[in-house]
Protein chains: 2
Amino acid sequence: MFLQNPTKQAAITTADKVFEQLQHAIVEGDMTAGSKISEPELAKRYEISRSTLREALNRLEKCHLIERKANVGSRVVDCTIEGLLELYITREALEGMACRQAALNMTDEEIAYMQDMLAKHAGDKALQDGIAYYQEEGDVDFHYKVILGSHNQQLINLICDQLYHLVRMYRCQFGMYSPRATRAFTEHSNIIQAICDRDGELAELLMRRHIAASRKNIENKIALQKATQKSEEL
Amino acid sequence: MFLQNPTKQAAITTADKVFEQLQHAIVEGDMTAGSKISEPELAKRYEISRSTLREALNRLEKCHLIERKANVGSRVVDCTIEGLLELYITREALEGMACRQAALNMTDEEIAYMQDMLAKHAGDKALQDGIAYYQEEGDVDFHYKVILGSHNQQLINLICDQLYHLVRMYRCQFGMYSPRATRAFTEHSNIIQAICDRDGELAELLMRRHIAASRKNIENKIALQKATQKSEEL
DNA sequence: TGAAAATTAATTGTCGACAATTATACTTAA
DNA sequence: TTAAGTATAATTGTCGACAATTAATTTTCA
């Protein structure tokens, strides 16, 4: 589940390494969402100076995992339902367009590779039906490959380097393990077919529906939760 | 022509001030695109320490105005035609969705304000037809208001805080002064009408066509330039 | 007792210096 | 003369300390 842009070099400076550690800690909830960040404390814990810690914090701010206020400090970003839905709407716009561009710009080799990948996932699914984890991996890989296939550096940066860390954070915090496995698989197939046909318009439409379906699925879950909470109160 | 997110506080720290100065210098071409940035030199010029300069550089990197490589240094971002077209494609996706959300989420007061704004621009245009500057201002204001009208903080951040500095930079560097003034005005009117009708689908479609038209306009110009260059070579 | 003001403590922003890495210039050998 | 290797210089990354701002505590007065 690595979504880093492969064009960028690996982390070599200590600020980079601390950034990656903090990133994982935030995404996986080891640093609680919404909590304040104490620079002296964190610097001591990671055994680095405040300067390099601040460098790491700047990178976290770049992918919207923390928020800073001048002369006040940093906080881990808060995970709200509104924020989650906003994120899905943004994904729908960006990944939809990325999918359209992928249909126009992917090479035949890239398309063939994606078809192979999907076939392999189909085999995995037949073998271990119901195990969501592999499907989750496959889902991420699929979206990742489509985004890269757009060959649009602007889109790639925005989605992979910025949005997806937040996406992963929400997935971890809200415990969402790809609940629509079988439907998602056929949706992926249709999208790849549209790309293969070089039908950019259809490819974008299908990707947007695919993401919108996930969003609506979440909205339904939320509504259900609220309903059960209400009934318990009675 | 201020696109800063009004929810964010004004610049109070010196790093913020230097960031704004550097931002203007880069956008308006006072720092040449693609040139290397010397931290000691810049720090000396602005009479600050390297620490606060690096803080400012980090903010420039956040809105993609500079690029950094570890242990090598920073460069002002390069303005290429491919980059410009990529930017317009990204805008088409994001502002299109923002426009859809604006149709769903704007208050009646916000819509009324935008209609007034457009009427005012119509008056200005009648008075001083052909002067592109006011139309340019109006164009930026229009897009800005629509984006804010989405009430989607994720979209607002991405577009206003990150993309639009690059947009302005390209406009300055390539000398594009809103060449489609009259057509753009009627397109704006139609978009506002769709928002007023709460027709999100149409609003998104029109905004995407509006931006795509600008992109195609640029593509045509480029093609024309290349053609004349070729003919001059003969 | 409660609230406002003043003082203290803690946190963030900024600075200059040193260490590590990269780029440049020079020397040496083929 | 050119190429590779080495030594020098310059640049970036990291560190600890001080200044400025904000938060917490105490004091004072109604």
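The chains referred to below are lettered A, B, ... by the order of the sequence lines, with proteins before strands, and numbering in each begins at 1. Just so you know, these numbers use all the heavy atoms, side chains as well, and skip hydrogens, waters and symmetry mates.
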Which of D:dT11, C:dT14, C:dG13 is nearest the side chain of B:Ala15? It is C:dT14
Write down the distance between CZ (B:Arg75) and P (D:dT11), rounded to a whole number of angstrom.
-> 14 Å
Geometric class of the A:His188/A:Phe142 ring pair [parallel <30°, tilted 30-60°, perpendicular >60°] | parallel
Atom NZ of B:Lys69 and atom P of C:dT22: how far apart are they, to the nearest Å?
-> 12 Å
In terms of side-chain heavy atoms of B:Ala70, which of D:dG13, C:dT22, C:dT12 is nearest?
-> D:dG13
Is the side chain of A:Ser150 donor-acceptor paired with the backbone N or O of A:Val146 at a distance under 3.5 Å, no angle test?
-> no
Listed partners of B:Glu204 passing side chain to side chain donor-acceptor pair (under 3.5 Å), at least two apart = A:Arg208, B:Arg100
Scan residues 46-56 of chain B against DNA chain D and write down, sorted by residue number, each residue with any heavy atom closer than 4.0 Å; if none is found, say none.
-> B:Arg50, B:Arg54
Checking B:Glu55 side chain against B:Ala15 main chain: does a donor-acceptor pair fall under 3.5 Å?
-> no
Rounded distance (Å) that lies between atom P of C:dG13 and atom CG of A:Asn71 = 6 Å
Does B:Arg68 use its side chain to pair, donor to acceptor, with the backbone of B:Ser74 at less than 3.5 Å?
-> no
May I ask you to decide if A:Gln153's main-chain N or O and B:Glu86's side chain share a donor-acceptor pair within less than 3.5 Å?
-> yes
Spacing of B:Glu39 atom CD relative to C:dT21 atom P, expressed in whole Å | 17 Å
Contact class for B:Ile37 (heavy atom, under 4.0 Å): base, sugar-phosphate, or nothing?
-> sugar-phosphate
